[in-house]
Each structure stands twice: as structure tokens, then as C-alpha cells.
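In this chain, residues are counted from 1 in sequence order. Only a predicted model underlies this, so the values are computations on that prediction, with no experimental measurement involved. Every number for a ligand or one of its atoms is a count from 1 in the order of the listing.
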Amino acid sequence: MEYKLAPSILAADFMRLGEQIGIVEANGAEYIHYDVMDGMFVPSISFGMPVLKSVRKGTGLFLDCHLMVVDPYRYIEDFVSSGADSITVHVEACTKTDCRATLELIKEKGIKCGISINPGTHVSALKPYLDLADMVLIMSVEPGFGGQKFIEGTFGKIEELKQLRDEMKLSFDIEVDGGVTADNLADIVRAGVNVIVSGSSIFKGDIEANVKNFKKIIAENACRA
Ligand code: DX5
Ligand code: ZN
């Protein structure tokens, strides 16, 4: 299994965004997690295509775009042309155009696709789309804000998702997002998560030391199978 650390730049200092992305890149982060919020699917508003274009120019890292946006189908082409390497959409947000068509469009554009559920949504809601997904994102906080506490019930959902993956003979990545800290990271990795998002615990304080510490914990707890 390949492990990827995906620092969420929602927690970065936007006056120093390029410099801070450079620090996570230089210290071995593999992805940049890019949180798009529309003020409708979630209460807050973050950033969109123009910022992504600038980030794309400034880094070679894989850009993991998490769309917390109602009817994400409308924006797939824009995010692809702005430099996304992967787009993850929420099952709950695909209202007008269904999730399958949305994932198919992402794949048609030649990038990776992910599907996500909120803490209140059952894992079974993912089942109709798993055959298409390169990655499944289990939200471990209510989406919308950084700096929240990890919801413990996420561990049960990871277990259920792994069972489904085995039963369906699939090989998608499992990503967790929200409340991941140096204290709960080992348990999260041991539970079977291989794409690890973290905002506050990476960008607050000494970014270089935080990335190095996260990488070390991931390596120590990685499943070697
Ligand atoms: C929350 C976002 C997360 C957020 C995580 O809606 O999807 O990616 O940045 O932040 P932390 O790691 O601070 O919980
Ligand atoms: Zn996110």
C-alpha cells in the first residue's frame, strides 16, 4: 500500500502560501489537499479555481481537490483545467447531476476521482459508486472548518469500507480528513487509511518539524502487506 501525506492548505497562512507549500514539499509530503467550500454545501467559503491555478504553477505535488460544493458536476471542467490531479465529490452534494455521471466526467477528463461521505452518512451510500472510485474519503469531522476534533466513530466506518473493498475486489485508496493529529495518526494508519489529510496539525507551529513527525509516524505504522 502506498501512503500519502496530504497537508490541507486551508490551515496555511495565505500571505505565505507558496513558501509554506515549498516547506511541506521539501520535507516529503506527497499531496496538497485543496478544500473548496461554496457556502451552501457547507457554511463557509474558502477558495476556488484562480487560487488553484497559482498553486499549480508553484508546485509539482499532486493536487487533491476536495469539493464541498453543491452539484459539483458544474465545476469539474474548471477544476481540471485549473490543475487538479484528483477531484473528490460528496455523495450528499450530487443532487442535480448524479454522482455516477460526476465521477464519470472526472475520469473522462483523465484525472483521478474520489467519493466522500459526511460523518452522518452511512458507508452503504458509497456502494453504487465504489467501482468507479480511485479514492474514498471518510470525513472524520463535519466538513466546513479546520481545527475540529476527530470523531471516533470514523474507525468503525473505515472497517466497514475495508470489508466492502475486499468483498467487491476493489483497490481504491482510503482517505481520512478532519481532526488528524500526531496523537491519533498511528491508530488511523493502523486502521487502514493510506491517504492522510491534516491542516492545523501541519501548518500551525513548526511546519517542517510537523511534516517530518507525521512522515515518521506513518512509516512506523504502515501496513507492509
Ligand atoms: C474540513 C476540511 C479539512 C480541513 C482539515 O472541512 O475538509 O480538509 O482542512 O483540517 P484539520 O486537519 O485542522 O481538521
Ligand atoms: Zn478536506
Side chains of [X] and [Y], heavy atoms from C-beta outward: is any pair under 4.5 Å?
X	Y	result
Asp13	Phe203	no
Asp64	Asp85	no
Glu175	His33	yes
Thr88	Met135	yes
Asp173	Val136	no
Lys212	Lys215	no

- Query: Do NZ/NE/NH1/NH2 and the carboxylate oxygens of Glu104 and Lys107 come within less than 4.0 Å?
  - Reply: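 No, this pair does not count.
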
If I consider every N, O or S atom in [X], which one ends up closest to the Zn ion (ligand 2)? I only need its name.
X	value
His66	ND1
Asp35	OD1
Asp177	OD2

Show which atoms of ligand 1 fall inside a sub-4.0 Å distance from at least one heavy-atom site of [X].
X	result
Met37	6 (O)
His33	8 (O)
Ser198	12 (O)
His66	7 (O)
Ser200	11 (P), 12 (O), 13 (O)
Asp177	2 (C), 3 (C), 4 (C), 5 (C), 7 (O), 8 (O)
Gly146	10 (O), 13 (O)
Phe145	1 (C), 6 (O)

- Considering only non-hydrogen protein atoms, determine which one is nearest to atom 9 (O) of ligand 1 and report residue, atom name and distance to 0.1 Å. Ser8 OG, 2.8 Å

- Query: What protein heavy atom sits nearest atom 12 (O) of ligand 1, and how far off is it?
  - Reply: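 The answer is Gly199 N, 2.8 Å.
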
Between [X] and ligand 1, is there a nitrogen or oxygen pair with a distance under 3.5 Å?
X	result
Gly179	yes
Asp35	yes
Gly178	no

- Message: So if I apply the side chain to side chain contact (heavy atoms under 4.5 Å, CB included) rule between Cys94 and each of Ile115, Val70, Val89, Asp71, which one comes out positive?
- Response: Val89

- Sub-6.0 Å ring centroid separation between Tyr34 and Phe62: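 That pair fails the under 6.0 Å test.
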
- Task: Tell me, please, whether Phe172 has Arg165 positioned over its six-membered ring: NZ or CZ under 6.0 Å from the ring centre and within 45 degrees of its axis?
- Result: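 Yes, a cation-pi geometry.
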
- Heavy-atom proximity to atom 6 (O) of ligand 1, best of Ser116, Ser201, Gly144, Ser140: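 Checking each option, the heavy atom nearest atom 6 (O) of ligand 1 is found in Gly144.
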
- With no hydrogens and no angle check, do the side chains of Asp35 and Ser46 hold a donor and an acceptor under 3.5 Å apart?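 Short answer, no.
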
